[in-house]
Amino acid sequence: MQAERTVKNILVTGGAGFIGSAFIRYLLQRVPDFKGKCVNYDALTYAGNLENLAQVAQDPRYAFVKGDICDQVKVEETCKQYAIDTIIHLAAESHVDRSIHGPLVFLETNILGTYHLLEVVKRHPTIHFHHVSTDEVYGCLGETGLFTEETAYSPNSPYSASKASSDHLVRAYGKTYDISTTISNCSNNYGPYHFPEKLIPLMILNCLQRKPLPVYGEGKNVRDWLFVDDHAAALWLLLQKGRKGETYNIGGEAERRNIDIVKTIVKLVAEATSTSETELTQLITFVPDRPGHDFRYAIDCSKIKQELGWHPQHTFEEGLRDTVKWYIDNQPWCSHVQSGSYRQWIETNYANR
Ligand code: NAD
Ligand code: DAU
């Protein structure tokens, strides 16, 4: 049994993204015992938005460093400056459709970026490194079966191939250089602050704006959905208690077909805005399928449940209702993201840092 790791000063790569910002808000708002420094290291690509962190930006435990994970020197300087003992690595290009149109940046950020971080950890082996990855590395399931930690890798998109490659690098560095690493492979997250290129936020905003709801293929593909705060809680547990060299699957045990999710969103938006459900249903538009579209993902997460006592706290129905409400209540965030003006805010506030 490994002793619990004490996390003092933590570097969060990709902390301005959807999951990274949820993790930082979780740590600073829901873990009162955390007394160290939480350093958000993020390059602020199109997916990075410091408005996601407005609630914690003034917390003295929080710091932001604008930097690229491929910049080894800057990563190392930041680790030294803040006496970092733990890195949680979320920075990535994360959208499958973008990886189909332009794979190169996925290879650069997801593979080379991870390599550069590992090189820094190799020189500072007291740092523990947790790598946040995806269930997509396991490939595609048919109607039955679950991905376990032993499932062979079989990635089907440039995105998942780049994540698979980074997982292998983390594992190899752990074995070869005896550095302390852990990996988690998680299913689809949803919740507040999700960039509206992904299925759930895109459908909510398009419904609210009476735009077409583009469903790929026949909408029968299945994903397993996890509320993002439940992922953040799992990651915090893993940082403290995850066993060196181990992989943990994380999932919501909430499999849904895409078309059923879209119909539920239509119903929730209609209810919340006193609109006709029939009118919104007419927005559903079947469009050509994503190339290489994986049919089904489903996760066996019994390992993290049994070893660390983690359980998702939100049912999909509650989580989706709360998410729809969040987008309706947070129109300024939505309009900044859709207009791109969140980027001007970043330039104004962080141009000289
Ligand atoms: P996201 O796209 O919302 O955020 C990615 C963040 O990384 C952004 O803030 C971006 O600015 C930053 N970033 C990108 N390139 C960078 C670079 N070169 N240097 C520094 N920062 C950089 O992604 P997300 O959905 O929050 O996913 C976070 C991680 O979790 C990713 O590694 C992803 O593969 C993994 N993951 C995501 C999901 C999901 O459903 N969203 C599920 C499982 C695993
Ligand atoms: O499984 C974990 C992965 O989940 C993460 O690693 C990725 O970073 C994350 O983006 C997500 O990948 P998906 O491809 O599953 O998510 P996305 O929201 O893009 O699509 C979910 C499903 O909805 C998928 O079957 C494709 C479909 N879809 C998506 C969009 C954007 C549509 O039918 N229409 C759409 O417009």
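Indexing begins at 1, ligand by ligand and atom by atom, following the structure's order. Since the model is a prediction, treat every value here as computed from it, not as a measurement. Sequential numbering from 1 along the given sequence is applied to the chain's residues.
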Test your reading of the structure: does [X] have an N or O sitting under 3.5 Å from an N or O of ligand 2?
| X | result |
| --- | --- |
| Asn221 | no |
| His293 | yes |
| Glu136 | yes |

Which of the numbered atoms in ligand 1 are below 4.0 angstrom from a heavy atom of [X]?
| X | answer |
| --- | --- |
| Cys186 | 42 (C), 43 (C) |
| Phe18 | 3 (O), 25 (O), 26 (O) |
| Lys163 | 31 (C), 32 (O), 33 (C), 34 (O) |

Judging by distance only, is a nitrogen or oxygen of [X] under 3.5 angstrom from one on ligand 1?
| X | answer |
| --- | --- |
| Ala91 | no |
| Cys70 | no |
| Asn188 | no |
| His231 | no |

Where the closest heavy atom to [atom] is concerned, which of [options] has it?
| atom | options | value |
| --- | --- | --- |
| atom 2 (C) of ligand 2 | Asp135, Val287, Asn206 | Asp135 |
| atom 30 (C) of ligand 2 | Tyr138, Phe195, Tyr297, Tyr216 | Tyr216 |
| atom 7 (C) of ligand 2 | Gly217, Ser94, Ala92 | Ser94 |

Nearest-neighbour protein heavy atom for [atom], which is reported as residue plus atom name and distance:
| atom | value |
| --- | --- |
| atom 29 (C) of ligand 1 | Leu90 O, 3.2 Å |
| atom 40 (O) of ligand 1 | Asn189 N, 2.9 Å |
| atom 11 (O) of ligand 1 | Asp42 OD1, 2.5 Å |
| atom 39 (C) of ligand 1 | Ile19 CD1, 3.7 Å |

Exercise for the section: Using a 4.0 Å heavy-atom cut-off, say whether Tyr297 meets ligand 1 through its side chain, its backbone, both or neither. Expected result: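 It is neither; nothing of Tyr297 touches ligand 1.
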Exercise for the section: Measure Asn49 to ligand 1 on non-hydrogen atoms and call it side chain, backbone, both or neither using the 4.0 Å cut-off. Expected result: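 The answer is neither.
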Handout entry: Pi-cation contact, Tyr82 with Lys37 (under 6.0 Å, within 45°)
Key =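 Geometry flag: not set, cation outside 6.0 Å or 45°.
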Problem - Lys244/Asp178 ion pair, N-O < 4.0 Å - result: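 Between Asp178 and Lys244 there is a salt bridge, with a charged N closer than 4.0 Å to a carboxylate O.
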